[in-house]
Amino acid sequence: MLTVLSIIGTRPEAIKMAPVIHELARCGDSVRSVVCVTAQHREMLDQILKLFAICPDYDLDLMRPDQDLTQLTSDLLLALAPVVKEVAPDWILAQGDTTTVLAAALTAFYRKIPFGHVEAGLRTGDLEHPFPEELNRRFADSVATLLFAPTERNRQELLNEGFSEDRIRVTGNTVVDALLEVSKRPFDFSSFPLTDLPNERTRVLITAHRRESFGPQLREICYAIRELASRFPEVQFVYPVHPNPNVLRPVSEILAGTANLSLIAPVDYQSMVQLMKRASLILTDSGGIQEEAPSLGVPVLVMRKTTERPEGVAAGVVRVVGTERQSIVAAATHLLESPSARAEMKGSVNPYGDGQAAQRIVKALLDYETWKQNGANPTIELGTPLLVS
C-alpha cells in the first residue's frame with residue numbers, strides 16, 4: 001500500500017488539493033491517503049474542508065493573528081516533523097506557493113521523502129512580486145521528485161531553468177476540476193450573500209488581499225474602486241474583505257459608506273463561485289480567480305504588477321493592470337462602458353485545464369511507483385509528459 005501525505009495550509013490550497021485527495025480515495029486499498037492541515041488559514045480553510053467532505057487526520061491549528069513569516073515558518077517545521085515521522089509516507093504532496101508549501105517541501109527534503117509539487121513551474125521572475133510566494137514555489141520545485149505543471153508554458157519554464165523533462169508532468173490545474181464540480185451542485189439561493197441585489201444590475205466582483213500589496217498599493221486599489229463606484233452608480237460593486245487587519249483597515253477607512261459598494265465578510269467557496277458566475281467583471285489580485293473565471297466566461301483585470309499565470313493574458317481573457325489608481329480606473333471604465341469589449345475577453349476555452357488534472361496527478365504517482373517496483377529507472381522510464389488538450 002502506497003502512503004501519500006497531503007499537506008494543506010490555506011483555503012486556495014484546500015480547493016486545489018480536494019480533487020487530488022478525492023482521486024486518491026478512489027484508489028481503494030492500493031493507497032493510504034493521509035491529510036494534514038496546518039491551518040495557516042483557519043475559518044476559510046474549514047469552509048472548504050466541509051464543502052469537499054475532507055476530514056483531516058492531523059490538524060496543527062497554527063494560525064495566529066497578523067502572523068510573522070519567520071515565526072510561522074519555524075512553527076510549521078517544528079509541527080510537521082513529528083507528523084511526518086509518525087505517518088512515514090512514501091510521498092508528500094503540497095500545492096502552490098505558501099509558507100505551508102515551503103515547509104512541506106523542506107520537511108520532505110530533510111527526511112528524503114519523495115515530494116510531489118502540484119502547480120509547479122509558475123514564475124513572475126521577480127522575488128518581490130508576489131512576496132514571499134515566488135521564492136516558496138521556486139524552492140518547492142527545486143526539491144520535487146515530480147513536478148505537476150498546469151500548462152505547457154509552465155513545463156517550458158521548468159525546462160528553461162534546467163529541470164529534467166523526466167520529472168515534469170503537464171496535468172492542467174486542479175482548480176478547474178474543483179470549480180466545475182462545485183458549479184454543478186444545487187445551490188440554495190435563500191442563503192446567498194446579497195440576495196437583495198437587483199438581478200438586472202451589472203456587477204463587479206473585487207478581491208484584493210495579497211501581502212505584497214499591503215500599505216500604499218492597497219490604498220491605491222481602494223481609491224480606484226471608490227472612483228469607479230462614483231463613476232458608475234448603476235453598477236453594484238461587491239467586495240468580500242479578507243479579515244487580515246492589513247486589508248480590513250484601509251478598506252474600511254476608504255470604502256465604507258459607498259452606496260453601490262457592498263463590503264461583505266469572506267464567503268464560502270460555493271457562494272464565491274455563484275458570485276463569479278453572476279459578475280460582469282472581476283477585479284482581483286488572486287491567482288486562483290485568474291484560473292477559474294475563464295471557465296465561467298467572466299473577464300478579469302489583475303491588480304498586480306506581474307502575473308505568474310500569463311496563459312490567460314495570452315488567451316485574451318485576463319489583463320494585468322497594476323496597482324495604480326489611474327490604470328485600474330481606465331481599464332475597468334473601458335470594459336464597463338463597452339459590452340463588446342467585455343464579450344471579446346470572455347473567450348471560449350480555459351487555458352488552465354479541462355477538469356481532469358487530479359486524475360493525471362494520481363496516475364503519475366502510481367506509474368512512478370510501478371516503474372520503481374519493477375526495477376526500472378524512473379528517471380529514464382517516465383517518458384513523455386501528459387499534455388492537456
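All values derive from a computational prediction rather than experimental measurement.
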More than 12 heavy atoms of other groups within 6.0 Å of Phe109 CZ: no
Short side-chain donor-acceptor distance under 3.5 Å, [Y] and [X]:
{"X": "Glu13", "Y": "Thr10", "value": "yes"}
{"X": "Thr124", "Y": "Glu308", "value": "no"}
{"X": "Arg342", "Y": "Ser280", "value": "no"}
{"X": "Glu291", "Y": "Asn173", "value": "yes"}

Taking only Lys NZ, Arg NE, NH1 and NH2, and the carboxylate oxygens of Asp or Glu, determine whether [X] and [Y] approach each other closer than 4.0 Å.
{"X": "Arg153", "Y": "Glu157", "value": "no"}
{"X": "Glu253", "Y": "Arg249", "value": "no"}
{"X": "Glu181", "Y": "Lys184", "value": "no"}
{"X": "Asp367", "Y": "Lys363", "value": "yes"}
{"X": "Lys50", "Y": "Asp46", "value": "no"}
{"X": "Glu161", "Y": "Arg123", "value": "yes"}
{"X": "Lys305", "Y": "Glu212", "value": "no"}
{"X": "Glu119", "Y": "Arg137", "value": "no"}

Nearest heavy atoms of [X] and [Y], plus distance in Å:
{"X": "Asp268", "Y": "Gln47", "value": "CA-OE1, 3.1 Å"}
{"X": "Val4", "Y": "Val31", "value": "CG2-CG1, 4.2 Å"}
{"X": "Thr100", "Y": "Ile7", "value": "CG2-CG2, 3.8 Å"}
{"X": "Lys277", "Y": "Ser183", "value": "NZ-O, 3.8 Å"}

query: What is the ring orientation for Tyr269 with Phe52, classed by angle as parallel under 30°, tilted 30 to 60°, or perpendicular over 60°?
result: tilted
Sequence-distant partners of Thr284, side-chain contact (heavy atoms from CB on, under 4.5 Å), two or more places apart: Thr207, Ile282, Ser286, Ile289, Val300
message: If the condition is ring pair (Phe, Tyr, Trp, His ring centres under 6.0 Å), which residues does His22 pass it with, not counting sequence neighbours?
response: none
task: Using a 4.5 Å cut-off on heavy atoms from C-beta on, say whether the side chain of Tyr58 contacts that of Val87.
output: yes
field: Val298 vs Lys346 side-chain heavy atoms within contact, under 4.5 Å
entry: no
field: Qualifying residue, where the test is side-chain contact (heavy atoms from CB on, under 4.5 Å) with Ser6 and the options are Val37, Asp57, Leu24
entry: Leu24
